[in-house]
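Excluded from the calculations below are hydrogen atoms, water molecules and symmetry mates; all remaining heavy atoms, backbone and side chain alike, are included. In this text, all values refer to a predicted model and were calculated from it rather than measured experimentally. Naming convention: chains lettered A, B, ... in sequence-line order (proteins, then strands); numbering from 1 in each chain.
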Number of protein chains: 2
Amino acid sequence: MRISARSDYACRALLELALHWPNKAPMQIGDIAKRGNIPTKYLVHILIHLKQMGLVKSTRGKEGGYILSKSPGEIVFGKFIRQIGGPFVPVAISKKGADKLNVFSPIWHDVESAISEVVDDITFQDLVEKARGLSEVLVYQI
Amino acid sequence: MRISARSDYACRALLELALHWPNKAPMQIGDIAKRGNIPTKYLVHILIHLKQMGLVKSTRGKEGGYILSKSPGEIVFGKFIRQIGGPFVPVAISKKGADKLNVFSPIWHDVESAISEVVDDITFQDLVEKARGLSEVLVYQI
DNA sequence: ATATACATTACTAGCATGATCATGTTAGTA
DNA sequence: TACTAACATGATCATGCTAGTAATGTATAT
């Protein structure tokens, strides 16, 4: 499984918005980009995509920006990754049924299940707590 | 995880060679390509790669071709896939250590482990038996 | 010798990715 | 109302990878 920059950015953006939650004031693109270390111009498109997916809400104009449309606890990491990056194991090639001896697809199916078991058990609330934990450690280190 | 055509072809080629095993006579590229439904010209490169990996041996000239250099039971599917297609979860982006709040990498690590547990438990001997089982079913159906 | 089959390198077309830019549209505020 | 901050949308572009083809070289059995 290759994690594209796009998926990675999307994850980080969503994490930043989750860390911002439940603050009502919208978070601006530039702010998200800065905190998440994401190219601003690129983030624009990702956020639009996230909006189309119903994960975030936007407000235009002055004081505008983005907020999550659900609580972080309702956003499942695995589901999100699948929506953003496509299915985990898209075997690009599924030749015509002639392949009676397709011994491989069951394996990919099992792989997909194994992955899902890991990632479908994580919500962005978990990630928020983890991130907060990590930054506390950081404070201690300084 | 995206399975490239290349990886898919490599798997199928190796399976054909495994089905051929332990026949001493080498199997020719054209033959492998035909049985595995693989573009011949492309298969050339894959076989060279497999040879460099030490999985197959080649004989040039008339009556030349390829055979496995180990028994199918010694070839682990997971290891093979990793060698051919690269690591399962190469997060292309591992920004400078500044990312203290990298809450994602542990997840990818867990995913990688989960995948490995599935695919490292399968050898090409297993696949051969499965394929033979499937073709028997085929015979019955005819 | 010669035909056969692997070896190697070069090349191409197409596509996806990451990224930027230009130009709209919306909405708060003086 | 005019202005400005911020999102919205689509076009564009450079780059690199992927799948596939072609041409030429090298080894070997007969």
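Side-chain contact between B/Phe77 and B/Asp120 is absent, with no heavy-atom pair separated by less than 4.5 Å. A/Val56 places a side-chain heavy atom less than 4.5 Å from the side chain of A/Leu14. Two residues are said to be in side-chain contact when any heavy atoms from C-beta on lie closer than 4.5 Å; A/Pro72 and A/Thr123 fail this criterion.
A/Gln52 places its CD atom 16 Å from the P atom of D/dC7, with the value rounded to the nearest Å. In this entry the distance linking CG of B/Leu17 with P of C/dC6 reads 11 Å, nearest Å. One atom, CG of A/Leu43, and another, P of C/dT20, lie 12 Å apart when rounded to the nearest Å. One atom, CG of B/Leu47, and another, P of C/dA5, lie 15 Å apart when rounded to the nearest Å. If you take CZ of B/Arg2 and P of C/dC15, they are 14 Å apart, rounded to a whole angstrom.
Close to C/dG18, at under 4.0 Å from its OP1 or OP2, lies no side-chain N or O of A/Tyr9.
Residue B/Val76 is not grouped with residue B/Leu50 when hydrophobic side chains (ILVMFWY) are merged at heavy-atom distances under 4.5 angstrom, including chains of intermediate members. Cluster membership for A/Phe124 and A/Ile67, using ILVMFWY side-chain heavy atoms within less than 4.5 angstrom, is not shared.
Candidate nucleotides C/dC21, D/dA8, D/dT21 were compared by shortest atom distance to the side chain of A/Lys51, and D/dA8 ranks first. When the nucleotides D/dA8, D/dG10, D/dA19 are ranked by their closest atom to the side chain of A/His45, D/dG10 comes out on top. For A/Glu63, whose side chain is taken as the heavy atoms from C-beta onward, the closest listed nucleotide among D/dA8, C/dA7, C/dT29 is C/dT29. In the set D/dG20, D/dA29, D/dA19, D/dG20 carries the atom at the smallest distance from any side-chain atom of B/Pro39.
Taking five base pairs at each end of the helix from C/dA1-D/dT30 to C/dA30-D/dT1 and finding the rotation axis that steps the C1' atoms of four pairs onto the next four gives two axes whose angle is 0°, to the nearest 10°.
Sorted by residue number, the members of residues 54-61 of chain A with any non-hydrogen atom under 4.0 Å from DNA chain C read A/Arg60, A/Gly61. Heavy-atom distances under 4.0 Å link DNA chain D to no residue of residues 23-32 of chain B.
By the side-chain hydrogen bond (donor to acceptor under 3.5 Å, both in side chains) test, A/Gln83 is found to be paired with no residue, residues two or more places apart in sequence or in another chain being considered. Among residues two or more places apart in sequence or in another chain, the salt bridge (Lys or Arg N to Asp or Glu O under 4.0 Å) test is passed with B/Asp121 by none.
Of the residues near DNA chain C, A/Thr40 and B/Ile48, the one whose nearest nucleotide (by heavy atom distance) lies more toward the 5' end is B/Ile48. Residue order along DNA chain D, read from the 5' end via each residue's closest nucleotide, puts A/Lys62 first among A/Val44 and A/Lys62.
Closest approach of A/His45 and A/Lys41 over heavy atoms only: CD2-O, 3.6 Å. The shortest heavy-atom contact between B/Ser105 and B/Asn102 is OG-ND2, 3.0 Å.
Of the N and O atoms on the side chains of A/Ser113 and A/Ser116, not one donor lies less than 3.5 Å from an acceptor on the other residue.
Ring centroids of B/Trp21 and B/Tyr66 are separated by 6.0 Å or more, keeping the two rings apart.
Applying the side chain to side chain donor-acceptor pair (under 3.5 Å) definition to pairs two or more places apart or across chains, those involving residues 46-61 of chain A are A/Arg6-A/His49, A/Lys51-A/Ser58.
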